[in-house]
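Start at 1 and go down the list; that is how both ligands and their atoms are numbered. Quick caveat: nothing in here was measured; it's all calculated off a predicted structure.
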Amino acid sequence: MNITVLTFDTIDSTNTEAMKQARLGADEGLCVVAREQTAGRGRHGRTWVSEKNVGLYFSIVLRPKLETRLLPLITLMTGVAVHDTLQEYGLKPDIKWVNDILVNEKKISGILAETAETTQGLAVIVGIGINIRSSNFPVEIADIATSIEQEDVSVPPAVEGVIFDLLAKYLTYFYDILNGENGPNHIREEWRRRSTYFSGKNVRVVFGNETVTGTTDGLEENGALRVRTMDGDIKIIQAGDVENLRQTS
Ligand code: BTN
């Protein structure tokens, strides 16, 4: 994959711009990066707080050849790449299914994958937000969010560029693996090694109006989460918010 970069000082959302570029025919590997987003988007219609110069706001255009049913593995692959990028800073990240990167159980990065039909075929836009500096997180997320700086890592002024380079390197590496022989198995295995949520975690999963409580029990072929409920049933979670239920005794 050839990485090319479009940078903006301020933009509404790097995902929106990358989607526009994909529809205009951008090749796989086009990255959109901004110092600030005025309408940063998270999953499930949430807002991604994107103040100037406190985070990396990044989106990449992919044109995967994967079978459609395996497309969710792109999110897992991205989680692995973000995990390894952050590890380079001495952090010990965890990946909470499906796409939250945590450090000390607080969210440091989120991933938003969106698809677009274009004249060149299906494009997947993968957006990544990484909290770099300790900013004034809004009160509603202050207890659940962290940043590289907040984890006692000193970050020099131009660190965004270095993080971008690392991220591009790891994304290229793991995307090649995903597209290679036995790629989906490799990516699930890489994800398993980096996530405490793969199995044996007591969780509550909320999707739509439904809630499932149980213990994680591995991934399906497409990356869906398996949860074993108290009565031994296996529920397959294709999308939803996972909450860690800490042991009380
Ligand atoms: C989430 O955890 O809910 C996903 C957050 C994704 C945020 C990134 S920041 C860069 C890109 N542009 C956006 O508008 N969203 C993603």
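Inclusion of S13 in the set of residues having an N or O under 3.5 Å from an N or O of ligand 1 is warranted. Considering backbone and side-chain atoms together, N99 places no N or O closer than 3.5 Å to any N or O of ligand 1. Of the N or O atoms in R43, one or more lie within a sub-3.5 Å distance of an N or O in ligand 1.
Applying the ring-ring contact (aromatic ring centres under 6.0 Å, His included) criterion to F164, with sequence neighbours excluded, gives F58. With sequence neighbours excluded, the residues satisfying side-chain hydrogen bond (donor to acceptor under 3.5 Å, both in side chains) with D231 are T229.
N222 and R69 are not linked by any side-chain donor-acceptor pair at a separation below 3.5 angstrom, with hydrogens and angles left out of the test. The closest side-chain donor-acceptor pair between N15 and S59 falls under 3.5 angstrom.
Atoms of ligand 1 lying under 4.0 Å from at least one heavy atom of G40, given by number and element, are 14 (O). Proximity to G42 (heavy-atom distance under 4.0 Å) selects the following atoms of ligand 1: 1 (C), 3 (O), 4 (C), 5 (C).
The environment of CG in N2 is sparse: at most 12 heavy-atom neighbours from other residues, nucleotides or ligands sit within 6.0 Å. Environment of NZ in K52: crowded, with over 12 heavy atoms of neighbouring residues, nucleotides or ligands closer than 6.0 Å.
We find that D241 and R46 are joined by a salt bridge, their nearest charged nitrogen and carboxylate oxygen being less than 4.0 Å apart. Between D27 and R63 no salt bridge is recorded (no basic side-chain N to carboxylate O distance below 4.0 Å). A salt bridge links E114 to R41: at least one charged side-chain nitrogen sits closer than 4.0 Å to a carboxylate oxygen.
Only the backbone of I128 comes within 4.0 Å of ligand 1, judged by heavy-atom distances. Contacts between S50 and ligand 1, counted as non-hydrogen atom pairs separated by less than 4.0 Å, are absent for every part of the residue. Only side-chain heavy atoms of Q37 come within less than 4.0 Å of ligand 1; its backbone N, CA, C and O stay farther off. Residue contacts with ligand 1 for T16 are absent, since no atom lies close enough (heavy atoms, distance under 4.0 Å).
The protein heavy-atom contact nearest to atom 11 (C) of ligand 1 is T14 OG1, 3.2 Å. In this structure, atom 5 (C) of ligand 1 lies nearest to the protein heavy atom W48 CE3, 3.4 Å. Summary of contacts: the protein heavy atom closest to atom 2 (O) of ligand 1 is K107 NZ, 2.6 Å. Ranking the protein heavy atoms by distance from atom 16 (C) of ligand 1 puts R41 O, 3.8 Å first.
Taking a 4.0 Å cut-off on heavy atoms, H44 fails to register as neighbouring ligand 1.
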